Amino acid sequence: MDILFYSAQTYDVSYFNQATGDRRHRCRFLDTPLNEDSTALIKEETAICIFVNDKADAGVIRLLKEKGIRLIALRCAGFNNVDLKAAAAAGIKVVRVPAYSPHAVAEHAVALLLGLNRKIYKSYNRVRDGNFTLNGLEGFDLFGKTIGVVGTGNIGAVFCRIMLGFGCKVYAHDIYDQPELVKAGVEYTSLTTVFEKADVISLHCPLMESTRHIVNAHTIASMKRGVVLINTSRGGLVDTKAVVEALKNGHIGALGIDVYEQEEHLFFQNFSGSIIQDDVLSRLTTFPNVLVTAHQGFFTKEALTQIAEVTLRNIESFEKGEVLLNEVK
Ligand code: NAI
């Protein structure tokens, strides 16, 4: 099949070429993101392959249909960037990679938590500068602390188990309880209770209208003073301006994010020689207790290999007219 890749980075080219191997696909890789203008770059392709910040809204989908695209293959789990109604109306199928190494993202959430708590980013710089003092590097034991997890699907479940392994008390909120997690020691409760009781809150639910800004000025006020907030899910779950205020007044004790509300204008690109125009992100990076990574939770060898394999299998199923196991409707 002829496939056009948008927002392709060098690692995408490398992992997809490796996975393609002897398969008879013709892949064309563009580093350009998908938008109305870039649909003009489609030639013979009947499938496009896109990533988290490629926008397939109704306008783009209309143009994709005109270009003869019949399949949108997401090489990620989230699908909030695709207008599914518009795709269905245009007769364009949408497939995704629902689960690829949930460990990659869960472990990154733990890395953010540990990095922040033990101030690894500060000690790294200090020691390199010949400064071996400890003032200001004090953390706290995770053992015995209460962790609040919102969303216990593939990633949230792994995160819960890691935290149980640290000797934490884990409260979780989801629309479905997972009996296996309950058996392991997780206690399901309301979102309100999770927010009220947790010393550390980690978000692992998808971004939908019902979950947009679940962390906002009102819910932050219900959290413990000094709470640590970790978000590796989607930026839109958090009202970033409210979080900035809470960091300024100390209500939020530390923030670790791998995702950001306005990330599509910044992440996966190099602006190191430019002036960053996003004042909210710029403010965030001035706090000594904020750790921002640029959507790298998924970025492990295991996950990249699986993403490429499952994406190509999704495309092959479509080509053969098989039932699409990973279709998003
Ligand atoms: P999943 O679909 O396995 O789990 C999501 C869970 O959230 C489900 O158990 C679902 O019932 C629950 N949920 C839905 N609505 C909820 C609500 N209102 N309140 C609480 N829970 C709710 O998804 P998975 O694979 O665990 O991924 C979670 C999120 O992580 C994805 O939606 C995606 O946005 C993000 N992600 C981030 C990556 C990164 O690199 N930082 C990579 C992959 C995913």
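As the structure is a computational prediction, the values presented were derived from the model and not from experiment. For ligands, and for the atoms within them, numbers begin at 1 and follow the listed sequence.
At a distance under 4.0 Å, a protein heavy atom can be found next to atom 15 (N) of ligand 1. At a distance under 4.0 Å, no protein heavy atom can be found next to atom 23 (O) of ligand 1.
Using modelled atom types, one side-chain atom of D83 and one backbone atom of K85 make a donor-acceptor pair closer than 3.5 Å. D129 places no side-chain N or O within donor-acceptor distance of the main-chain N or O of R126, the cut-off being under 3.5 Å. No donor-acceptor pair under 3.5 Å is formed between the side chain of Y188 and the backbone N or O of I175.
Both the backbone and the side chain of H173 come within contact range of ligand 1, each with a heavy atom under 4.0 Å. Counting heavy atoms under 4.0 Å from ligand 1, residue D174 touches it through both backbone and side chain. The proximity of I155 to ligand 1, defined as any non-hydrogen pair under 4.0 Å, involves the side chain as well as the backbone. With a heavy-atom cut-off of 4.0 Å, T211 touches ligand 1 through its side chain alone.
Hydrophobic cluster membership is shared by V52 and F267, with clusters built from Ile, Leu, Val, Met, Phe, Trp and Tyr side chains linked at under 4.5 angstrom. A continuous path of Ile, Leu, Val, Met, Phe, Trp and Tyr side chains, each step under 4.5 Å between heavy atoms, connects V94 with I42, placing both in one hydrophobic cluster.
For the ligand labelled ligand 1, residue M208 lies inside the 4.0 Å heavy-atom shell.
Of the candidates P98, A172, G78, S233, S233 brings a heavy atom nearest to atom 34 (O) of ligand 1.
Residue-ligand proximity, R234 to ligand 1, at heavy-atom distances under 4.0 Å covers atoms 33 (C), 34 (O), 35 (C), 36 (N), 37 (C). Residue contact check: Y100 has heavy atoms under 4.0 Å from atoms 42 (C), 43 (C) of ligand 1. Short contacts between ligand 1 and D258, defined as distances under 4.0 Å to a heavy atom of the residue, involve ligand atoms 39 (C), 40 (O), 41 (N). For ligand 1 and Y176, the ligand atoms under 4.0 Å from any heavy atom of the residue are 11 (O). Every atom of ligand 1 with a heavy atom of H295 under 4.0 Å away is listed here by number and element: 38 (C), 39 (C), 40 (O), 41 (N). Every atom of ligand 1 with a heavy atom of G297 under 4.0 Å away is listed here by number and element: 40 (O).
Among the atoms of N154, some N or O lies under 3.5 angstrom from an N or O of ligand 1. Residue V150 places no N or O, backbone or side chain, under 3.5 Å from any N or O of ligand 1. In terms of N/O distances under 3.5 Å, ligand 1 is not approached by A77.
Counting protein heavy atoms only, atom 4 (O) of ligand 1 is closest to G153 CA, 3.2 Å. The protein atom (non-hydrogen) at minimum distance from atom 32 (O) of ligand 1 is P206 CA, 3.3 Å. From the protein, the heavy atom lying nearest to atom 37 (C) of ligand 1 is T232 O, 3.1 Å. F298 N, 3.0 Å is the protein heavy atom nearest to atom 40 (O) of ligand 1. The protein heavy atom nearest to atom 28 (C) of ligand 1 is H204 O, 3.3 Å.
In this structure, a donor-acceptor pair under 3.5 Å is absent between the side chains of T293 and H295. No side-chain N or O of N231 forms a donor-acceptor pair with one of S233 less than 3.5 Å apart. E302 and H103 are not linked by any side-chain donor-acceptor pair at a separation below 3.5 angstrom, with hydrogens and angles left out of the test. In the model, Q296 has no side-chain atom that pairs as donor or acceptor with a side-chain atom of D258 under 3.5 Å.
Cation-pi geometry between R283 and F287 is met: under 6.0 angstrom from the ring centre, within 45 degrees of the axis.
The shortest non-hydrogen separation linking V227 to A198 is CG2-O, 3.8 Å. Shortest non-hydrogen contact noted between T189 and H173 is O-ND1, 3.0 Å.
The residue from F299, F16, F298 that alone fulfils the ring-ring contact (aromatic ring centres under 6.0 Å, His included) condition with F51 is F298.
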